[in-house]
There are 2 protein chains.
Amino acid sequence: MRQRSPETWRQIRDSAVGLMAARGFDAVSVEDIVAAAGISRRTYFNYFAGKESVLFDPDPEDPRLWAELIAARPPGEPLWTALHQLIREYTTATAERVIRQRLVLRASPELADCSRNVCDRFWDAIREWASERDAGPTELQLDLLINTARTVLNTVLPRWDVDTGIAGLHRLIDEGFTLLQSPEWTTS
Amino acid sequence: MRQRSPETWRQIRDSAVGLMAARGFDAVSVEDIVAAAGISRRTYFNYFAGKESVLFDPDPEDPRLWAELIAARPPGEPLWTALHQLIREYTTATAERVIRQRLVLRASPELADCSRNVCDRFWDAIREWASERDAGPTELQLDLLINTARTVLNTVLPRWDVDTGIAGLHRLIDEGFTLLQSPEWTTS
DNA sequence: TTCTAACTTGCACTCAGTGCACGCCGCGCT
DNA sequence: AGCGCGGCGTGCACTGAGTGCAAGTTAGAA
């Protein structure tokens, strides 16, 4: 998808998310979205590869944000801690979007077992950074660590009561990360 | 999907998997599948909710198998160990299917980031069993543990060279489970 | 035989997604 | 002004996934 203007991109996304939060994912057609956004059907597909993409594609500004957050990590920090902090800071920085996406999912039971979320491409950026930062661990170890962190987030998100805000989400994230690094977590 | 005869179910699945392993997922239409299976288009959708379902829905016999494997777990066994053994034994019992599904994915780059796999519904059965077996841990702890095990499998599967057979897969699974239960895994 | 229930099928329809060609507009060049 | 060009939006026509409905088949019970 060649993306032209970020303004149009956000206009489409905002229209879509608004409709979907109100009616649910399935009850909104691409036709509805483009009507609300004031563009043509064909233009929609120039910006988004499919109907789900409008929910899960990263904002055009996101790669810049990821780079900043990653660059701010102190050298020598354990990877697990870095992942924990990164996901905390990312959800803080994009709080409204995280909440709005959650509202759509809450209104769309048909996406219940969809494991995608706002951060999907973020993990790719993290993986790249981690694999050139740490010479020690194998690729498999890195992937396991990162995917486990991702799992913490994915496990916690559905349990999150959106009304408690980002603070409520952070409490769950902290709980998850802490649980998994406690020494006895595998012996319950 | 009300499933009528297991024979028809497997006939459709076998036709689909065969074609997809040869041509790739996208290059096979439902039309192709039903032609190969000798049934009508409409019947296909009586058995499978979509095109992906034919790859990821559990075999009609699977729930029975799950129940057997789960029932065989010794009482008092740590949950992490149980998960490790269950996934080992399940992949052993369904080896050909695991391999065939992998062959399809290998031929279908378009499914590269699809995290679904043969075992998806198995985890649900496990979760149910675990939550009534262990009174101790919270729902969140159980979900974290189970989802982490699932992550081990999902991380390891794409790295698995199908030609090494199920033994090769087991080596990777063991490596993953062992890594995560080593005490220093979060401090790398 | 007749009724019935399980199963299969054809038909018609909606909607997602794509290839292609065309149109608009702002830009720099002469 | 006239020209060409490139970025972007759009219309159109087409393939293929997925669904509701009503009719057909078949095996077995009554």
Side-chain angles (χ1 to χ4, degrees), chain A residues 1-20 22-57 59-61 104-105 107-114 116, chain B residues 1-20 22-57 59-61 104-105 107-114 116:
Chain A
M1 300 302 101
R2 32 183 188 157
Q3 254 155 240
R4 285 86 185 236
S5 96
E7 292 74 30
T8 307
W9 192 95
R10 295 205 183 88
Q11 188 185 0
I12 302 176
R13 187 207 49 195
D14 289 346
S15 304
V17 168
L19 291 173
M20 287 173 178
R23 296 190 221 158
F25 184 83
D26 274 359
V28 175
S29 69
V30 175
E31 207 71 48
D32 297 332
I33 299 172
V34 304
I39 53 151
S40 80
R41 216 181 93 84
R42 198 60 188 80
T43 298
Y44 174 90
F45 286 107
N46 282 339
Y47 280 85
F48 298 96
K51 197 175 155 188
E52 290 200 349
S53 302
V54 80
L55 261 182
F56 299 114
D57 278 5
D59 190 278
E61 286 291 339
V104 172
L105 294 191
S108 312
E110 61 270 21
L111 293 182
D113 60 346
C114 175
R116 304 176 65 185
Chain B
M1 297 306 98
R2 35 188 185 154
Q3 256 154 238
R4 284 83 185 237
S5 98
E7 292 74 30
T8 307
W9 191 97
R10 294 205 183 88
Q11 188 185 0
I12 301 176
R13 187 206 49 195
D14 289 346
S15 304
V17 169
L19 291 173
M20 287 174 178
R23 296 190 221 158
F25 184 84
D26 275 358
V28 175
S29 69
V30 175
E31 207 72 49
D32 298 332
I33 299 173
V34 304
I39 53 151
S40 80
R41 214 181 94 85
R42 199 61 188 77
T43 298
Y44 174 90
F45 287 107
N46 282 340
Y47 281 84
F48 299 96
K51 197 174 156 190
E52 290 201 348
S53 303
V54 79
L55 261 183
F56 300 114
D57 278 6
D59 189 278
E61 285 292 338
V104 172
L105 295 190
S108 312
E110 61 270 21
L111 293 181
D113 60 347
C114 176
R116 305 176 64 185

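Here is the naming used below: chain letters follow the sequence lines, and residue numbers restart at 1 for every chain. Predicted, not measured: the structure shown is a model, and the values here were computed from it. Atom set for the values below is all heavy atoms of this structure, side chains included, hydrogens, waters and symmetry mates excluded.
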Worksheet item: Is any side-chain N or O of A/Arg42 under 3.5 Å from a base N or O of C/dG17, one able to act as donor and the other as acceptor?
Response: no
Nearest whole Å is fine: how far is [N] [atom2] from [X] [atom1]?
X	N	atom1	atom2	value
A/Lys51	C/dT14	NZ	P	16 Å
B/Tyr47	D/dT19	OH	C1'	18 Å
A/Asn46	D/dT10	CG	P	9 Å
A/Asp26	D/dA17	CG	P	18 Å
A/Trp9	D/dG9	CH2	C1'	19 Å
A/Phe45	D/dG11	CZ	P	15 Å
B/Ile33	D/dG16	CD1	P	13 Å
B/Tyr44	D/dA17	OH	P	9 Å

Worksheet item: So does A/Asp59 pair up with A/Arg13, basic N to acidic O under 4.0 Å?
Response: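 A/Arg13 and A/Asp59: salt-bridged.
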Worksheet item: Contact class for A/Thr43 vs. all strands (heavy atom < 4.0 Å): base, sugar-phosphate, or nothing?
Response: base
Discussion item. Can you work out whether B/Arg41 or A/Val30 has the more 5'-proximal nearest nucleotide on DNA chain C?
Written reply: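 First, find each residue's nearest nucleotide; the 5'-ward one identifies B/Arg41.
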Worksheet item: Between the side chains of A/Asp32 and A/Ser29, is a donor N or O closer than 3.5 angstrom to an acceptor N or O?
Response: yes
Item to complete: Ignoring backbone atoms, establish whether A/Ser29 has a side-chain N or O less than 4.0 Å from OP1 or OP2 of C/dT14.
Response: no
Practice prompt. Report yes if a side-chain nitrogen or oxygen of B/Thr8 is closer than 4.0 Å to either non-bridging phosphate oxygen (OP1 or OP2) of C/dT8; otherwise report no.
Written response: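 Yes, such a contact exists.
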Fill in: From CA spacing to verdict: side chain to side chain contact (heavy atoms under 4.5 Å, CB included), B/Ser5, B/Tyr47
CA-CA 9 Å; B/Ser5 98; B/Tyr47 281 84; 4.1 Å; yes
Discussion item. For a 4.5 angstrom cut-off between non-hydrogen side-chain atoms, does A/Val34 reach A/Arg42?
Written reply: no
